[in-house]
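See below for the structure under consideration.
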Amino acid sequence: MIIKEYVKYKKEVLKDEVSKMIKKPHLTIVQLNEDAASNAYVKGKIKDASELGIEAELIKLDVTTSQEELLEVIDRLNKDNNVDGFIVQMPLPKGIDEETIKLAISPNKDVDGFHPLSSLNPCTPQGIMNYLHHENIPLLGKNAVVLGRSNIVGKPMAKLLLKESCNVTVLHSKTTFEDMYRYIENADIIVVAIGKMHFLDNRFKYKPSAVIVDVGISRDENGLHGDAVPDLPVALQTPVPGGVGLLTRLALMENLLTITR
Ligand code: GUN
């Protein structure tokens, strides 16, 4: 099933669940940056929430907000009984330590799954795994290559694939082209999250049965583009736009409902 249809179907199921709840779940989003990708994500998250009957509130703070001020907002949200879950949109402005912020959010309200004690997983990797399962993509004993080692995507993605008994290799900006070529040639699943437009292209050779999951979003005068050129000769490739971004947003709504169940 293409991602758009899959997400539409899943949202109907969640909407039905929310309609039966006496107290509607409440999601708060804290945003400090003015990054175009973040604005698009936040707008999408609020739209999804309202479609599902979830209360969503955006707390927009100035980009000059200090770490101490942000920690005070987090402390207030941790204690607010009306707030079921909240997220602080990444990336954070310079001068604010990402790890300190992630650890300050109560694991009971951390719908991003960033806290080490959170029972939830980060939304992008979780959303991707849910979709791979739905599409019955074989994982056990398969060669999975993760391109990129970010804390939000690459590292947790590798962990989830490993949990499904994939042979996981994480490649990154210091990997040589020759090594990358060798790993990609043998890969059954490729998750690309390096933020370089159309990095995966016909310079590489792919297994015809391979699955490419494209996490990249780059914008130019022609619109949004992924980290892979469209229509590579593989069995399944997720599109950009209309791909992983939708899966991430869906996973956030699912994480929120998991917390409120
Ligand atoms: N920025 C990009 N992706 C995410 C995400 O999943 N959560 C948060 N908080 N920020 C992000």
Side-chain angles (χ1 to χ4, degrees), residues 3 7 26-49 54 56-61 63 65 67 70-71 73-74 77-78 83-94 96-116 118-131 146-160 191-196 213-219 224 226-227 238 240-241 243-259:
I3 290 181
V7 169
H26 184 105
L27 170 72
T28 298
I29 300 173
V30 182
Q31 186 187 4
L32 292 88
N33 62 45
E34 269 303 345
D35 166 61
S38 286
N39 284 340
Y41 259 134
V42 167
K43 214 171 131 190
K45 287 167 186 175
I46 289 173
K47 178 170 164 274
D48 288 342
I54 291 168
E57 170 202 15
L58 174 63
I59 299 181
K60 206 146 185 194
L61 301 176
V63 70
T65 302
Q67 179 163 309
L70 178 57
L71 287 171
V73 172
I74 291 173
L77 294 171
N78 280 339
V83 175
D84 295 292
F86 68 97
I87 69 166
V88 178
Q89 185 66 25
M90 304 291 169
L92 295 170
K94 277 199 189 82
I96 300 187
D97 179 55
E98 195 178 292
E99 286 310 307
T100 306
I101 297 308
K102 285 180 184 169
L103 291 174
I105 299 172
S106 162
N108 301 325
K109 295 197 176 186
D110 175 25
V111 276
D112 254 331
F114 287 163
H115 194 288
S118 173
S119 58
L120 304 167
N121 293 313
C123 299
T124 301
Q126 183 62 54
I128 292 170
M129 292 311 290
N130 292 346
Y131 181 63
V146 178
L147 284 152
R149 53 176 158 177
S150 71
N151 293 328
I152 294 184
V153 183
K155 284 187 204 134
M157 189 74 237
K159 199 170 131 187
L160 294 187
V191 180
V192 60
I194 49 172
K196 281 191 186 154
V213 178
D214 191 344
V215 186
I217 313 184
S218 306
R219 191 184 290 271
L224 293 179
D227 284 352
T238 66
V240 177
V244 169
L246 298 180
L247 299 177
T248 300
R249 283 161 44 184
L250 178 66
L252 178 67
M253 300 300 133
E254 285 176 334
N255 276 353
L256 182 71
L257 289 193
T258 302
I259 269 185

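This is a predicted model, so every value here is computed, not measured. Just so you know, these numbers use all the heavy atoms, side chains as well, and skip hydrogens, waters and symmetry mates. Ligands are counted one by one from 1 in listed order, and the atoms in each one are counted from 1 as well.
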Closest heavy-atom pair, Cys123 versus Ala251, reported as atoms and distance to 0.1 Å, is O-CB, 3.2 Å
Compare all side-chain heavy atoms of [X] with those of [Y] and state whether any distance is below 4.5 angstrom.
| X | Y | value |
| --- | --- | --- |
| Val7 | Tyr131 | no |
| Tyr41 | Ile217 | yes |
| Asp214 | Val244 | no |

Checking heavy-atom distances from atom 7 (N) of ligand 1 to each of Val88, Ile105, Asp112, the winner is Asp112
Lys109 (side chain) donor-acceptor with Phe86 (main chain) under 3.5 angstrom: no
Distance from [atom] to nearest protein heavy atom, with residue and atom:
| atom | result |
| --- | --- |
| atom 11 (C) of ligand 1 | Gln89 NE2, 3.4 Å |
| atom 3 (N) of ligand 1 | Ile152 CG2, 4.2 Å |
| atom 10 (N) of ligand 1 | Met90 N, 2.9 Å |

Is the closest N or O pair between Ile87 and ligand 1 shorter than 3.5 Å?
no
